[in-house]
Each structure stands twice: as structure tokens, then as C-alpha cells.
Number of protein chains: 2
Amino acid sequence: MMRAFPQMEKNATVMQPHRQAFANRRRDPATKREAILQTAAHLFLEKGYGRTLMNDVADRLNITKPALYHYFSNKEEILLECYRWGTALIEDKLNQIAAQKGTGLEKVEAFVYEYANVMTVNFGRCVMRLDESDLSPKARAEVRGYKRKIDRRLRSFIQEGIDDDSITRCDPRMAAFSTAGAVNWICMWYKPEGPLAPEEIAAQFARMLTHGLAARRKRRATQPHGSRKVQQQMSGVTS
Amino acid sequence: MMRAFPQMEKNATVMQPHRQAFANRRRDPATKREAILQTAAHLFLEKGYGRTLMNDVADRLNITKPALYHYFSNKEEILLECYRWGTALIEDKLNQIAAQKGTGLEKVEAFVYEYANVMTVNFGRCVMRLDESDLSPKARAEVRGYKRKIDRRLRSFIQEGIDDDSITRCDPRMAAFSTAGAVNWICMWYKPEGPLAPEEIAAQFARMLTHGLAARRKRRATQPHGSRKVQQQMSGVTS
DNA sequence: TTTTTAACTTACCCGTGGGTAAGATATCAT
DNA sequence: ATGATATCTTACCCACGGGTAAGTTAAAAA
């Protein structure tokens with residue numbers, strides 16, 4: 001029998017990609033674990049950790065709440081695993097940058113670019129957007145460790161830049177807070193379905209945070225701003 | 001009779017400043033309302049909104065939970081009022097800056113300085129640190145309105161700067177996100193009892209965010225960084 | 001003093017949501 | 001086929017915490 005809209009079924013699963021992971025019972029457990037993490041991360045970002053119920057996660061996967069406890073021992077472990085995935089993404093990029101050649105300033109620029117990109121990925125967003133105090137002291141200490149490592153890396157790039165004269169003299173700690181803060185905040189307003197492409201954001205941030213807003217020298221003529229279109233209105237400072 | 005430590009009693013109240021507001025029954029209700037708000041804001045920042053119990057707030061004020069409901073109809077109203085106080089602080093500063101003379105860049109610099117200072121005050125920190133989705137749709141819309149106003153102001157300063165050639169050509173929306181993000185993030189790591197003075201933070205941020213990290217020109221000699229002491233270690237990128 | 005009333009306390013309710021006990025079912029090995 | 005096992009469901013428990021009902025007390029008014 002011919003279907004009127006043969007693609008409908010497929011689209012239905014495309015819209016809920018992680019439901020598929022639980023279609024067969026004996027499917028790879030690792031895949032299911034990740035499916036749980038992905039949907040949980042999505043919900044945590046959408047509604048916050050506290051307001052995300054275990055039932056919400058289960059519902060999205062077309063399973064029941066107790067099924068989740070076959071893959072995670074409790075809600076906090078899901079949260080912790082989101083942190084682990086996110087920080088791993090960042091660490092990975094940082095190692096690449098640290099191995100590169102270049103001035104300190106160039107490394108900071110690369111840091112901002114890569115870090116900004118991670119801040120548009122759900123797991124990355126979780127790292128900076130979710131509240132650490134939802135974690136137990138032990139888990140919180142672990143996450144703090146990851147974050148401190150990131151911070152040390154950024155500060156070392158800045159210090160390199162000061163030493164090689166590519167960065168103006170400043171307090172590396174404060175510069176790191178400022179730079180990282182601007183990028184961290186991306187996870188507060190970025191919407192995957194929004195009008196801004198991650199690479200575009202990353203590129204602009206990398207430029208602005210290293211070279212500042214101030215005009216380098218007086219411009220002669222003020223010609224209009226290329227063919228940039230007036231873009232969709234976004235809400236505000238934080239959303 | 002002489003006391004061995006006559007100041008002890010006084011210190012006890014200094015340590016818990018808001019308890020005093022509820023010492024007498026017929027004291028000014030407005031004072032008590034503010035005392036509740038202050039302690040609530042403090043706890044919200046310390047433990048998060050969701051983990052702060054009405055009992056926690058009451059305990060700190062040496063009263064019982066139902067007493068709070070004489071001043072606020074529910075928990076959310078306390079939260080909303082924190083937002084109102086915080087955004088009012090910011091708006092106030094913004095109006096002053098907008099009225100000033102100067103280039104766009106100078107206004108952005110002033111914005112960063114004043115805004116950063118607000119981000120070290122509890123009510124100000126609440127605005128950017130607490131989660132809007134703890135508010136009802138109606139209240140959230142109100143808060144969003146305040147934030148959008150702040151954002152519009154910042155963007156207008158940036159646009160002014162582009163027009164008067166004090167700011168390099170860029171997407172004002174993106175520049176606002178970057179600048180505001182760096183400052184907003186202060187509320188995530190700033191600790192009132194920490195080693196950094198608000199004005200110091202504000203001054204450094206204002207400089208870095210407008211003029212960037214990049215060295216303007218090659219320096220001749222690299223002399224050590226004045227007499228700056230190695231300062232107390234702070235945790236990491238976000239705390 | 002006595003009355004009045006706002007300010008507060010004690011004792012309680014109950015919806016919510018994380019987590020579990022025990023049983024059902026699909027899939028694999030034999 | 002048949003048992004064995006991981007997987008998943010139905011039905012439930014109960015701690016927690018926001019909010020309230022009803023009674024108590026302190027301070028101002030009369």
C-alpha cells in the first residue's frame with residue numbers, strides 16, 4: 001500500500017533523535033546512556049536542573065522513570081556526567097592550543113575562539129550554566145578541579161603574552177576572569193535554533209576580547225556597514 | 001559591674017545585622033521588609049533559590065516562617081523584589097551615564113565601571129546570577145523588560161561610539177553581549193569577603209574591555225611588574 | 001486598666017518528586 | 001523449546017518544604 005507521505009515516519013524520529021536508542025532492548029547500553037545524558041542536558045538547559053524531573057527525562061525517551069536507574073544511580077550522577085563530558089570537550093581544545101606555536105596573544109585568541117564554540121554545545125553550556133551547588137561536596141570538588149585547570153591554562157597564555165610583549169601589562173587573573181566571563185556568558189543567551197552561527201560568534205568574540213572595542217586610529221570616511229542586514233531582535237543582556 | 005569584654009554584645013548584633021530589625025514588634029515595617037530581602041538575597045546567592053528554604057530566611061532573622069508571610073505573599077515575590085531592587089540600581093547608574101557628555105567609547109567605559117560595581121552588591125548579583133525560570137511567566141516578563149532596557153542602553157552607547165569613530169566597526173549586538181557578559185560574570189565569582197576590591201575590579205575591567213588585551217606598541221624593556229604581590233589564590237574560571 | 005489590633009507562633013496540611021520493591025517481558029544462549 | 005538474564009514497567013513509599021488555620025502576645029490607644 002502506498003503512503004501519502006512516506007517521509008512522515010522518518011521525520012517523527014528525526015524530531016526526537018534519542019527515542020530511537022531505546023527502540024530495542026538489547027541495543028548498546030553505552031548508546032542509551034548517552035541518549036539519556038543528551039536529553040537530560042537539553043532539559044537542564046531548558047528548565048534548569050531543579051525543575052527537570054526524572055519523569056521528564058524518561059518521557060522524552062519514551063521510557064519510564066525507573067528505567068533510568070539502570071544507567072545512572074541517581075539524578076546527581078547524570079548531572080555530574082554532563083559536567084564531565086563538557087569539561088572534557090574544553091580540555092581537549094586547550095591541549096591543542098597549548099601545543100601550538102605563536103605569541104601569548106594568539107593563544108588567547110585561539111582559546112576564545114575554541115572555547116566560544118564549545119559554549120554553543122549542550123554539554124559545554126552545562127558546565128558554565130548549571131549550578132555547582134546541586135552537586136555533592138565530593139562531585140563539586142571534582143568539577144572545581146576541572147575548572148581550575150581551564151583557568152590555569154588561560155592565565156598561562158596571558159602570562160606568556162605579557163612576557164613576549166604581545167599583551168599589555170595587566171593582572172593575568174583579572175584578565176582571565178574578564179575574557180573567560182565574556183565567553184562563559186555565551187551559554188546564557190545562545191540558542192541553537194537562533195540566528196547566530198557558532199563560528200560567527202566565536203570569531204567576533206576572539207577579535208573583540210583581544211583587540212578591544214576602541215578604534216585603533218581615526219577613520220577617514222564613515223561608510224555604511226557593508227551589506228549587513230538588520231537582524232532578528234534578540235531579547236536582552238542575558239537572554 | 002564591669003564586663004570583661006563590653007563589646008561582645010555589640011559584635012553579636014553586628015554579625016547579624018538584620019536580626020535587629022525584628023527586635024521590637026512595632027518597628028517600621030519597611031525596615032523589616034528590607035531586612036527580609038537582604039537576608040534572602042544573601043542566601044539565594046549562597047545556596048541558590050531552590051535550596052533556600054523559607055525557614056532558612058526566617059531562622060537568620062530569629063523569627064518563624066509564617067512571620068515572613070506578613071511581608072510577602074509567597075517565596076516568588078521575595079525573588080521578584082530582589083530583581084526589582086537590583087535592576088533599579090543598574091538603571092540609576094545608566095541614566096547618569098547617558099546624560100553625560102563624551103564619546104561612545106567613554107560611555108561604554110563608564111558603563112563597565114559602574115555596572116561592575118553593581119555586580120558586587122548582593123541585589124545586583126541576584127539580577128544576573130539567579131535563574132529567571134524560577135519566576136512565573138508574568139514576573140519573568142517584567143524582569144525581561146528591565147534587562148532589555150539595560151541592553152538597549154549599552155548597544156546605543158556602542159552605536160554612538162561607532163558613529164563618532166571612537167569604537168571600531170563591529171556588530172553592536174555582539175559587542176554588547178561580549179562586554180556585558182564579562183561584567184555579568186563577575187557576580188559568579190566575586191566574594192564580598194575576598195581579596196579584590198570592587199573599584200579595583202571595575203577599573204581594570206573598564207580598561208580591558210574597551211582597549212583590549214593586545215599591547216598597543218612594542219615595549220622596549222620588560223621590567224618586572226612593579227611591587228605587585230602574589231595574591232591569594234582564587235578557585236577558577238567560574239568560582 | 002482595659003481594649004484593640006498588628007505582629008508573631010505553634011501545629012498542621014498536602015502536593016511534589018526522588019527513589020525503590022517486586023513483578024513482567026523481550027532477547028540471547030543452549 | 002526453554003531456561004537465564006538484563007531490561008523495563010507498575011505500583012508504591014516517604015521526606016521535604018511551601019503554604020495556612022487558629023490561637024497567642026506585645027504594644028499602642030482609650
Side-chain angles (χ1 to χ4, degrees), chain A residues 16 18-37 39-41 43-44 46-82 130-131 133-136 139, chain B residues 16 18-37 39-41 43-44 46-82 130-131 133-136 139:
Chain A
Q16 288 125 4
H18 303 298
R19 283 173 117 98
Q20 206 173 336
F22 286 86
N24 300 342
R25 273 201 170 184
R26 293 281 163 127
R27 208 182 196 117
D28 178 23
T31 308
K32 298 188 183 180
R33 228 181 108 97
E34 187 182 339
I36 294 173
L37 280 180
T39 54
L43 287 167
F44 291 165
E46 190 174 287
K47 323 201 304 174
Y49 175 75
R51 277 171 305 279
T52 299
L53 313 185
M54 291 301 263
N55 266 326
D56 294 338
V57 180
D59 286 352
R60 287 234 174 164
L61 295 165
N62 255 9
I63 56 176
T64 57
K65 182 174 65 172
L68 296 173
Y69 289 87
H70 278 263
Y71 300 92
F72 297 92
S73 63
N74 53 36
K75 196 183 176 188
E76 190 204 335
E77 197 186 310
I78 297 181
L79 179 59
L80 176 56
E81 204 67 14
C82 287
L130 301 182
D131 193 344
S133 49
D134 283 312
L135 294 168
S136 70
Chain B
Q16 289 126 3
H18 303 298
R19 284 173 116 97
Q20 206 173 333
F22 287 87
N24 299 343
R25 275 202 169 182
R26 296 280 164 127
R27 210 184 195 115
D28 177 25
T31 308
K32 298 188 183 179
R33 227 182 109 95
E34 186 182 339
I36 293 173
L37 280 179
T39 54
L43 287 167
F44 291 164
E46 191 174 286
K47 323 200 302 176
Y49 175 75
R51 277 172 305 280
T52 300
L53 313 185
M54 292 300 264
N55 266 326
D56 294 337
V57 180
D59 287 351
R60 286 234 177 162
L61 295 165
N62 256 8
I63 56 177
T64 57
K65 182 174 62 171
L68 296 173
Y69 290 87
H70 278 263
Y71 301 92
F72 297 92
S73 63
N74 53 37
K75 196 183 176 187
E76 189 204 336
E77 197 185 311
I78 298 181
L79 179 59
L80 177 56
E81 204 66 16
C82 286
L130 301 182
D131 193 345
S133 50
D134 282 313
L135 293 168
S136 69

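Letters go in sequence order (proteins before strands), and every chain restarts at 1.
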**Q.** Closest heavy-atom pair and its distance - I36(A), T39(A)
**A.** O-OG1, 3.0 Å
Q) Which of these nucleotides, dT7(D), dT10(D), dA7(C), is closest to any side-chain atom of K32(A)? A) dT7(D)
**Q.** Polar side-chain atom of T52(B) near backbone of L43(B) as donor-acceptor pair, under 3.5 Å
**A.** yes
**Q.** Between dA6(D) (C1') and I63(A) (CD1): distance, integer Å
**A.** 15 Å
Q: Report the C-alpha separation of F44(A) and L79(A) in whole Å, then their side-chain angles, then the decisive distance to 0.1 Å, and conclude whether the side-chain contact (heavy atoms from CB on, under 4.5 Å) test is met.
A: CA-CA 9 Å; F44(A) 291 165; L79(A) 179 59; 4.2 Å; yes
**Q.** Pairs meeting criterion salt bridge (charged side-chain N to carboxylate O under 4.0 Å, His left out) with involvement of residues 70-79 of chain A, two or more places apart
**A.** R33(A)-E77(A)
(Q) Between C1' on dT9(D) and CG on L61(A), what's the gap in Å once rounded to a whole number? (A) 15 Å
Q: Would you kindly give the NZ-to-C1' distance between K47(A) and dG17(C), to the nearest whole Å?
A: 12 Å
Q) Roughly how many Å is it from CG in D59(A) to C1' in dT9(D), rounded to a whole number? A) 13 Å
Q. Under 4.0 angstrom, heavy atoms only, what part of the nucleic acid is Y71(B) near: base, sugar-phosphate, or nothing?
A. sugar-phosphate
Q: May I have the distance from H70(A) (atom NE2) to dA26(C) (atom P), rounded to whole angstrom?
A: 15 Å
Q) Does the side chain of K32(B) reach to within under 4.5 Å of the side chain of L61(B), using non-hydrogen atoms? A) no
Q. Just by modelled atom types, is the L53(B) backbone N or O under 3.5 Å from a matching donor or acceptor in the D56(B) side chain?
A. yes
Q | Contact letters for nucleotides 17-29 of chain D, in which S counts primed atoms plus P, OP1 and OP2 and B counts the base, heavy atoms under 4.0 Å | A | SBBB----BSSS-
(Q) Without decimals, in angstroms, what is the distance between N62(B) CG and dA7(C) P? (A) 19 Å
Q: Measure from CZ on F72(A) to P on dG18(C) and round the result to the nearest Å.
A: 15 Å
